[in-house]
Amino acid sequence: MLKALAAVACCSFVSLGLLVPSPVSAQTAVRSQPDRQQWYLNAGKMTYVVGVNEQGILQSLYWGPKLSDRGVVPVAKSLPERASQYAPAATTPQEYPAYGAGIFPETALKVNSPNGDRTLILKYESAKVTGSQLEIVLKDTNEPLRVHLYYQTFPEGVLARWSRIENTGKGSFGIENAASATWNLPAGTGYTHRWLTGMWGGEFQLNEEPLKTGKSVQESRTGHTSHEANPWFSIGKEEQTTEEAGPVWFGELGWSGNWQIVTEYTSLRQPRVTGGYNPFDFHWTLAPGTSLETPKFYAGYTDGGDGEASRILSQLQLQEILPKRGEAREPKPRPIIYNSWEATEMNFTGDTQIALAERAAKVGVERFVIDDGWFGKRDDDHAGLGDWTVTPKKFPQGLRPVIDRVHALGMDFGIWVEPEMVNPDSDLYRQHPEWAMQFPNREHSEERHQLMLNLARPDVKEWMFNWLDKLVSENDIAFLKWDYNRIWSEPGWNMAPGSSPEHPNPDAEKAIYLEAVRNLYDVIDQLRAKHPKLEIESCSSGGGRVDLGILERTDEVWPSDNTDALDRQDIQFGYTQAYTPQTMVAWVTDVPSMDHRMVPLQYRFVVAMQGALGIGANLTKFSDADLALSAKLTKFYKTIRTTVQQGKLYRLASPLTGDPSQMEYVAQDGSQAVLLALQHSQRLRLPYPTVRLRGIDPDAMYRLRPLDPEKYTGEEVVSGSVLMGDGVNLKLEGDYDSTALILERLP
Ligand code: DGJ
């Protein structure tokens with residue numbers, strides 16, 4: 001039995017490269033081998049290969065280290081069936097498996113045909129290479145249905161895959177499940193699986209377990225990306241993969257609605273990852289002549305360990321995903337924000353905001369943001385959402401005097417919005433109760449006293465764009481914090497195409513899941529097109545909406561409402577697995593935060609410096625000494641900002657496993673490195689462990705500039721090899737101590 005399994009495993013995913021001459025250069029992003037019916041996709045240091053087998057089925061052939069331009073893998077061949085001799089396609093690692101012909105593992109596509117057939121057999125029809133993109137077209141053997149598979153290679157080392165399902169017939173198909181891609185890993189043993197889960201105030205918690213036979217499902221059914229799980233996966237090898245080295249297959253989705261990633265390990269030891277739209281409560285009516293496109297599923301491979309996988313994703317996001325300004329290669333580094341939420345909540349006036357702004361300017365803040373509470377009858381969270389006009393009680397002359405003052409203080413101005421929500425106690429709801437998501441005879445479930453607007457409706461979309469456009473056009477607003485503070489319930493839409501109040505059609509109404517997210521993307525895209533300088537932060541009660549779909553159109557993220565400096569490190573450690581520090585906003589707030597612990601101000605700053613530093617503390621209550629320390633630390637951060645936000649991150653010591661934790665960042669050009677070192681509590685008066693740096697030039701000399709000269713008393717100029725081999729010793733003592741060290745490479 002074992003022998004037979006091994007035979008299947010060795011052939012199912014080929015690692016043996018045969019050498020045959022090929023005229024094509026290794027730099028080619030997509031290399032076709034028409035004679036072998038194979039396509040080689042090169043992305044950074046990775047190659048991914050697909051091919052057509054003798055039955056005309058598209059198979060995954062290889063996903064691993066880059067192959068040479070002369071290396072070809074064996075041609076595709078279906079595998080001997082193990083489960084049932086009548087199911088010839090069930091064990092072959094199909095590239096985009098549709099339900100049909102006896103397929104029983106997770107399928108990427110399930111479709112009902114107009115003639116009642118609920119199965120498909122997709123066979124290869126054609127392929128087209130355009131630059132760094134490959135399109136492969138599959139066609140059902142019976143029905144007028146085509147599936148277009150798209151592959152986009154990125155030089156950072158990532159491949160994006162997505163699909164388009166096209167109805168070429170005269171009747172409507174019903175799609176029950178449409179994934180973006182299935183990723184087959186090499187068959188074998190000893191895999192580990194990592195994924196991110198969480199909750200409000202505790203997002204991005206890293207999970208790790210051996211990959212066991214069966215399925216592990218990560219998903220959102222909340223209508224948005226969710227706090228409970230994030231659409232990212234990572235698979236390594238036991239005893240091989242560490243933070244610094246070893247193979248890692250990893251990926252993440254670009255979709256801000258219901259999503260699902262199924263990580264499966266079959267009885268035949270085949271790891272597979274299938275992801276895209278969540279099939280839960282899903283239906284899409286594919287009318288004649290129309291197509292359904294699935295979200296992008298990005299994935300990569302590295303043999304540089306979990307740290308390198310994160311650095312690849314970070315570079316992908318910086319170079320390819322995040323919005324850029326004009327001709328810039330990188331997105332703009334994030335300014336230091338002051339946000340008034342924790343200081344005042346909704347209890348403020350224009351004058352109290354100005355008082356905060358004056359203090360913020362003094363400590364070096366660059367952007368002042370008024371959070372929730374500036375509009376409608378918004379004195380607490382019972383009312384006002386939907387009425388997006390300035391409250392005269394708080395701002396008798398409108399926003400203008402506050403904005404002018406903020407500008408005079410040398411900062412730009414931002415404001416909070418929550419466009420997809422409505423309070424029943426609002427003029428908008430009284431005028432348009434039908435705009436809230438609902439099933440007509442069922443009571444609404446309120447959360448935080450608010451309802452979801454049905455953004456799938458064209459009238460809601462138009463209204464939303466108009467008021468946002470007016471707000472930004474009439475005020476000098478540089479930045480919107482776009483919040484989203486509840487999950488979906490009663491996702492009805494009886495005005496959906498194909499449904500009506502008289503003849504409700506539940507399947508047609510399910511289009512709400514896709515249309516609401518598409519319209520959200522459209523509104524943001526239109527707004528940005530009209531206001532090219534506008535920047536946006538994605539927030540959803542903290543980190544409930546973080547994914548590569550929203551990051552294509554927003555500049556940063558609020559990862560959690562939990563600003564306690566110790567909890568925050570765990571959250572940030574998880575966040576950086578999947579997302580770049582550039583997007584990771586972190587505020588220094590008052591203590592105790594979230595009723596947690598008393599933590600010194602510098603420690604809070606150093607934790608917040610791990611990403612895009614901001615401040616949320618009530619600065620009007622700061623002592624002169626605290627204001628002076630804050631000013632010193634923001635000044636220091638400005639000297640390391642680009643390295644932290646856009647450099648290469650090395651997670652030297654994890655906050656999840658011990659008292660000391662360290663993050664190191666190396667500038668893209670290697671000219672600067674930064675070490676942020678923290679100690680949660682000192683045990684037995686033991687000295688702080690020696691810190692060995694990584695990722696710097698062993699042959700270069702570095703000048704060390706400590707934030708606290710008394711905490712680094714070593715030599716000023718040290719060689720890279722010594723810094724990495726022998727390390728540096730820091731004097732961190734007691735509980736919640738922290739420091740930072742800048743390394744400048746000498747010419
Ligand atoms: C939730 C956000 O995460 C907070 O930062 C704040 O903006 C509140 N919403 C305001 O209601």
Side-chain angles (χ1 to χ4, degrees), residues 198-204 222 224-228 230 256 334 337-348 352-353 356 360 365 367-388 391 394 413-423 425-426 446-453 471 477 479-487 535-546 550 554-564 567-568 571-572 575 583-590 593-596 604 608 611-618:
M199 63 200 119
W200 175 77
E203 298 86 339
F204 303 102
T222 58
H224 74 327
T225 323
S226 103
H227 292 78
E228 285 68 30
N230 190 268
S256 314
R334 303 293 71 225
I337 281 188
Y338 180 83
N339 179 295
S340 61
W341 174 246
E342 289 211 14
T344 62
E345 297 208 341
M346 298 181 210
N347 235 328
F348 58 79
T352 53
Q353 292 291 325
L356 284 167
V365 165
R367 172 170 290 165
F368 184 80
V369 183
I370 297 188
D371 208 281
D372 195 354
W374 58 270
F375 53 90
K377 293 204 183 73
R378 188 78 170 162
D379 291 325
D380 56 41
D381 59 18
H382 287 78
L385 289 173
D387 299 340
W388 297 103
T391 309
K394 293 180 182 168
F413 179 79
I415 201 157
W416 179 96
V417 292
E418 193 178 7
E420 293 142 277
M421 304 291 166
V422 65
N423 285 118
D425 185 1
S426 67
E446 286 181 24
E447 283 170 43
R448 208 193 188 203
H449 319 289
Q450 65 197 56
L451 303 174
M452 288 288 318
L453 285 173
L471 177 71
I477 290 177
F479 170 84
L480 293 177
K481 171 172 171 180
W482 190 300
D483 206 346
Y484 182 100
N485 285 303
R486 65 157 294 172
I487 59 172
E535 296 189 346
I536 302 178
E537 176 178 288
S538 173
C539 172
S540 168
S541 299
R545 188 149 65 188
V546 188
I550 203 72
T554 54
D555 303 85
E556 60 186 52
V557 164
W558 179 232
S560 181
D561 279 344
N562 188 342
T563 56
D564 173 84
D567 291 353
R568 191 79 181 190
I571 294 166
Q572 295 182 170
Y575 186 95
T583 58
M584 188 174 77
V585 177
W587 309 335
V588 173
T589 58
D590 292 317
S593 171
M594 289 193 69
D595 300 327
H596 282 204
R604 283 177 265 153
L613 172 72
I615 298 179
N618 190 343

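In what follows, every heavy atom counts, from backbone to side chain, and hydrogens, waters and symmetry copies are set aside. In listed order, ligands and their atoms are each counted from 1.
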(message) Regarding K377 and D425, does a basic nitrogen lie under 4.0 Å from an acidic carboxylate oxygen?
(response) no
(message) Counting non-hydrogen protein atoms only, what is the nearest one to atom 9 (N) of ligand 1? Give residue, atom name and distance.
(response) D483 OD2, 2.7 Å
(request) Starting from atom 3 (O) of ligand 1, find the nearest protein heavy-atom neighbour and note its residue, name and distance. (result) D561 OD1, 2.4 Å
(request) Determine whether the side chains of T563 and E342 contain a donor N or O and an acceptor N or O closer than 3.5 Å. (result) yes
(message) To check your reading of the model: name the closest protein heavy atom to atom 5 (O) of ligand 1, its residue, and the distance in Å.
(response) K481 NZ, 2.7 Å
(message) Under a plain distance cut-off of 3.5 Å, with no hydrogens placed, do S541 and H227 share a side-chain donor-acceptor pair?
(response) no
(message) What protein heavy atom lies closest to atom 11 (O) of ligand 1? Include the residue and the distance to one decimal.
(response) D372 OD2, 2.6 Å
(message) Is the contact between S541 and ligand 1 made by the side chain, the backbone, both, or neither, using heavy atoms and a 4.0 Å cut-off?
(response) backbone
(request) List in chain and number order the residues that pass side chain to side chain donor-acceptor pair (under 3.5 Å) with E418, two or more places apart in sequence or in another chain; answer none if no residue qualifies. (result) Q450, N485
(request) For ligand 1, note which part of R448 has a heavy atom under 4.0 Å away: side chain, backbone, both or neither. (result) side chain
(message) Taking 4.0 Å as the limit for heavy-atom contacts, which would you say applies to N485 with ligand 1: side chain only, backbone only, both, or neither?
(response) side chain
(request) With sequence neighbours left out, write down each residue that passes salt bridge (Lys or Arg N to Asp or Glu O under 4.0 Å) with R367, or none if nothing qualifies. (result) D412, E535
(request) Could you tell me whether W341 and ligand 1 have an N or O pair separated by under 3.5 Å? (result) no
